[in-house]
Novice: 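Attaching a single structure in structure tokens format; questions to follow.
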Amino acid sequence: HRTLSVALISIAIAFSASTKAEETLTWHGCGITKNAFTVALAKAFEEKYPIKVSIRGGGAMKGIRDAASGSADIGGTCRHTINTPEEKNVELTHVAWDALVVIVPASNPVDNLTSRQLRDIFEGKIRNWKELGGNDVAIELYARRGKLSGVGYMFRALFFGDPNIEYKVATELPRSSGLIEMLIGKGEGTIGISGISSAKKRDQLKVLSLDGVSPSKENIQSGRYQLIRPLYFATSKSSLGQPNPFLQFALSDEGQAIISQQGTVNLEEGNKLVDIFVERFGETYLSPSILATRN
């Protein structure tokens with residue numbers, strides 16, 4: 001793939017020259033996308049091209065809105081854009097596939113929940129792990145505070161069918177998925193939702209099967225696991241036509257191979273998932289750019 005490599009080098013050099021002393025791209029956004037593969041992509045990119053990539057988490061909403069405002073060159077997001085003034089100036093590029101998963105401490109003996117049991121936990125109908133075959137320990141539910149976060153929005157939408165549903169029994173409402181993962185890993189009866197691409201990298205966590213299906217890479221890739229969702233890089237529409245070498249690297253064969261090596265389903269591996277997603281959840285929760293690929 002020499003042609004693509006030469007093109008990327010040309011874009012990188014052109015970008016570096018245009019930024020003069022800075023020679024830095026900024027990436028802000030979703031902690032799940034950051035931990036899943038963006039850090040690894042940036043490391044490989046910086047080894048090949050004369051540009052640094054400054055990475056900062058903060059959530060999908062921050063990624064989208066910072067890209068829209070121009071305070072970041074690229075945003076990372078695990079949800080589509082919604083109809084707000086802050087998000088209208090964003091173009092989303094699909095880079096990989098993730099899945100929403102149930103996480104508990106590694107010491108929890110429970111390995112599987114049914115969708116009904118998970119719903120009952122969120123509705124406060126099940127309050128102790130012994131009701132699920134676990135230890136006699138009270139359930140502590142941790143959930144995203146914001147309804148516009150990637151996990152907060154997409155789990156409400158895909159699992160409950162309502163992105164505005166309230167979690168009235170949540171013990172804690174942390175502001176980031178990374179914090180949820182850390183708090184759950186340190187707890188005993190704790191439970192929450194995160195993205196598999198990030199959660200699986202924490203040894204202190206156990207990722208549960210849902211309805212008897214584990215969120216393995218193979219089960220996500222095939223669509224057998226239910227709660228699949230796209231991961232995007234966001235750029236400002238006003239920058240269209242301008243080179244963005246890090247985005248192009250993420251889409252290149254090398255970049256996609258890195259995403260796969262990090263354990264995340266890349267675009268080729270998930271080439272059937274758009275149709276599966278639409279059949280399962282409809283078109284509402286996908287970006288226009290993804291839907292355009294179906295036509």
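If you're wondering where the values come from, they're calculated on a predicted model, not measured in any experiment. When reading the values below, keep in mind they use all heavy atoms of this one structure, side chains included, and skip hydrogens, waters and symmetry mates.
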Novice: Kindly assign one of parallel, tilted or perpendicular to the pair Phe277 and Trp97, based on the angle between their ring planes and the thresholds 30° and 60°.
Specialist: tilted

Novice: Could you tell me whether the side chain of Arg156 reaches within less than 4.5 Å of the side chain of Asp162, counting heavy atoms only?
Specialist: no

Novice: Suppose the criterion is salt bridge (Lys or Arg N to Asp or Glu O under 4.0 Å): which pairs have a residue in residues 276-285, not counting sequence neighbours?
Specialist: Glu283-Arg294

Novice: Which heavy-atom pair separates Ser209 from Gly212 by the least distance, and what is that distance?
Specialist: CB-C, 4.2 Å

Novice: In Å, rounded to the nearest 0.5 Å, how long is the span from OG1 of Thr81 to CD of Glu86?
Specialist: 12.0 Å

Novice: Between Glu188 and Val137, what is the shortest heavy-atom contact and its length?
Specialist: OE2-CG2, 3.5 Å

Novice: Please say which of Leu92, Thr93, Leu273, Val274 ends up in a side chain to side chain contact (heavy atoms under 4.5 Å, CB included) with Ile290.
Specialist: Val274

Novice: Where do Val207 and Ala199 come nearest, in terms of heavy atoms and distance?
Specialist: CG2-CB, 4.3 Å

Novice: Any salt bridge (Lys or Arg N to Asp or Glu O under 4.0 Å) involving residues 105-120? Give me the pairs, sequence neighbours left out, ordered by first then second residue.
Specialist: Asp111-Lys206, Arg116-Asp120, Arg116-Glu123

Novice: Would you please test Tyr142 and Ile193 for side-chain contact (heavy atoms from CB on, under 4.5 Å) and show each step?
Specialist: CA-CA 8 Å; Tyr142 285 65; Ile193 305 295; over 6 Å; no

Novice: Rounded to the nearest 0.5 Å, how far does CD of Glu131 lie from CD1 of Ile121?
Specialist: 9.0 Å

Novice: I'd like a table of donor-acceptor pairs (distance under 3.5 Å, sequence neighbours excluded) in which one partner is a side-chain atom from residues 35-45, with atom names and distances.
Specialist:
residue: Asn35; atom: ND2; partner: Gly31; partner atom: O; Å: 3.2
residue: Asn35; atom: ND2; partner: Ser198; partner atom: OG; Å: 3.4
residue: Thr38; atom: OG1; partner: Thr33; partner atom: O; Å: 2.9
residue: Lys43; atom: NZ; partner: Glu47; partner atom: OE2; Å: 2.9

Novice: Determine the minimum heavy-atom distance between Phe249 and Ser252, stating which atoms define it.
Specialist: O-OG, 2.7 Å

Novice: Distance only, no hydrogens: is a donor on one side chain within 3.5 Å (strictly under) of an acceptor on the other, for Lys201 and Gln262?
Specialist: yes

Novice: Salt bridge or not for Glu23 and Lys52, using N-O below 4.0 Å?
Specialist: no

Novice: Should Thr235 and Asp73 be marked as a side-chain contact (heavy atoms from CB on, under 4.5 Å) after you check the CA-CA gap, both sets of side-chain angles, and the distance that decides it?
Specialist: CA-CA 7 Å; Thr235 51; Asp73 296 300; over 6 Å; no

Novice: Using only heavy-atom distances, determine whether the side chains of Ser194 and Glu181 contain a donor-acceptor pair under 3.5 Å.
Specialist: yes

Novice: Would you call Asn244 and Leu25 a side-chain contact if the rule is heavy atoms closer than 4.5 Å?
Specialist: yes

Novice: Excluding sequence neighbours, so at least two apart, what forms salt bridge (charged side-chain N to carboxylate O under 4.0 Å, His left out) with Lys88?
Specialist: none

Novice: Any chance you could lay out the side-chain contact (heavy atoms from CB on, under 4.5 Å) test for Trp27 and Ser54, step after step, and finish with the verdict?
Specialist: CA-CA 6 Å; Trp27 185 102; Ser54 174; over 6 Å; no

Novice: Can you name the residues that form a side chain to side chain contact (heavy atoms under 4.5 Å, CB included) with Ala60, not counting sequence neighbours?
Specialist: Cys30, Thr77, Cys78, Arg79

Novice: What pairs meet the salt bridge (Lys or Arg N to Asp or Glu O under 4.0 Å) rule with one or both residues in residues 94-104, with sequence neighbours excluded?
Specialist: Asp98-Arg229

Novice: Lys200 side chain to Gly263 main-chain N or O, any donor-acceptor pair under 3.5 Å?
Specialist: yes

Novice: Leu267: which residues meet the side chain to side chain contact (heavy atoms under 4.5 Å, CB included) condition with it, sequence neighbours left out?
Specialist: His94, Leu251, Gln256

Novice: Does atom CD of Glu268 have more than 12 heavy-atom neighbours from other groups under 6.0 Å away?
Specialist: no

Novice: Would you say that Leu118 contacts Phe159 through its side chain, given a criterion of any heavy-atom pair below 4.5 Å between the two side chains?
Specialist: yes

Novice: Return the set of residues passing side-chain hydrogen bond (donor to acceptor under 3.5 Å, both in side chains) with Ser214 (not counting sequence neighbours), or none when no residue passes.
Specialist: Asn219

Novice: How about Leu286 and Pro230: do any of their side-chain heavy atoms sit closer than 4.5 Å?
Specialist: yes

Novice: Taking side chain to side chain contact (heavy atoms under 4.5 Å, CB included) as the definition, give me every residue that meets it alongside Asp136, ordered by chain and number, with sequence neighbours left out.
Specialist: Asn128, Lys130

Novice: Could you state the interatomic distance from OG1 (Thr264) to CD (Gln221), rounded to the nearest 0.5 Å?
Specialist: 12.0 Å

Novice: To the nearest 0.5 angstrom, please state how far the CG atom of Leu210 sits from the OG1 atom of Thr114.
Specialist: 8.0 Å

Novice: So if I apply the side chain to side chain contact (heavy atoms under 4.5 Å, CB included) rule between Ile191 and each of Asn108, Ile103, Val104, Val110, which one comes out positive?
Specialist: Val104

Novice: If a pair satisfies salt bridge (Lys or Arg N to Asp or Glu O under 4.0 Å) and one of its residues is in residues 208-227, list it, with sequence neighbours excluded.
Specialist: Lys217-Glu269

Novice: How many angstroms lie between CG in Leu132 and CD in Gln117, if you round to the nearest 0.5 Å?
Specialist: 5.0 Å

Novice: Give a yes or no on this: more than 12 heavy atoms of other residues, nucleotides or ligands lie within 6.0 Å of atom CG of Asn164.
Specialist: yes

Novice: List the residues meeting ring pair (Phe, Tyr, Trp, His ring centres under 6.0 Å) with Tyr225, not counting sequence neighbours, and say none if there are none.
Specialist: none

Novice: Would Thr26 and Asp66 satisfy side-chain contact (heavy atoms from CB on, under 4.5 Å), going step by step from the backbone distance to the final call?
Specialist: CA-CA 10 Å; Thr26 53; Asp66 284 3; over 6 Å; no

Novice: Which heavy atom of Ser197 sits nearest a heavy atom of Ile32, and at what distance?
Specialist: CB-CG2, 4.3 Å

Novice: Quick one: CE on Met154 to OH on Tyr285, what's the gap to the nearest 0.5 Å?
Specialist: 8.5 Å

Novice: If we only count heavy atoms from C-beta on, is the Ser236 to Val90 side-chain gap below 4.5 Å?
Specialist: no

Novice: May I have all residue pairs that pass ring-ring contact (aromatic ring centres under 6.0 Å, His included) and include part of residues 109-140, sequence neighbours excluded?
Specialist: Phe122-Phe155, Phe122-Phe160, Phe122-Tyr167

Novice: Does atom CZ of Arg56 have more than 12 heavy-atom neighbours from other groups under 6.0 Å away?
Specialist: no

Novice: For Ala143 and Ile180, work out which heavy atoms get closest and say how close.
Specialist: C-CD1, 3.6 Å

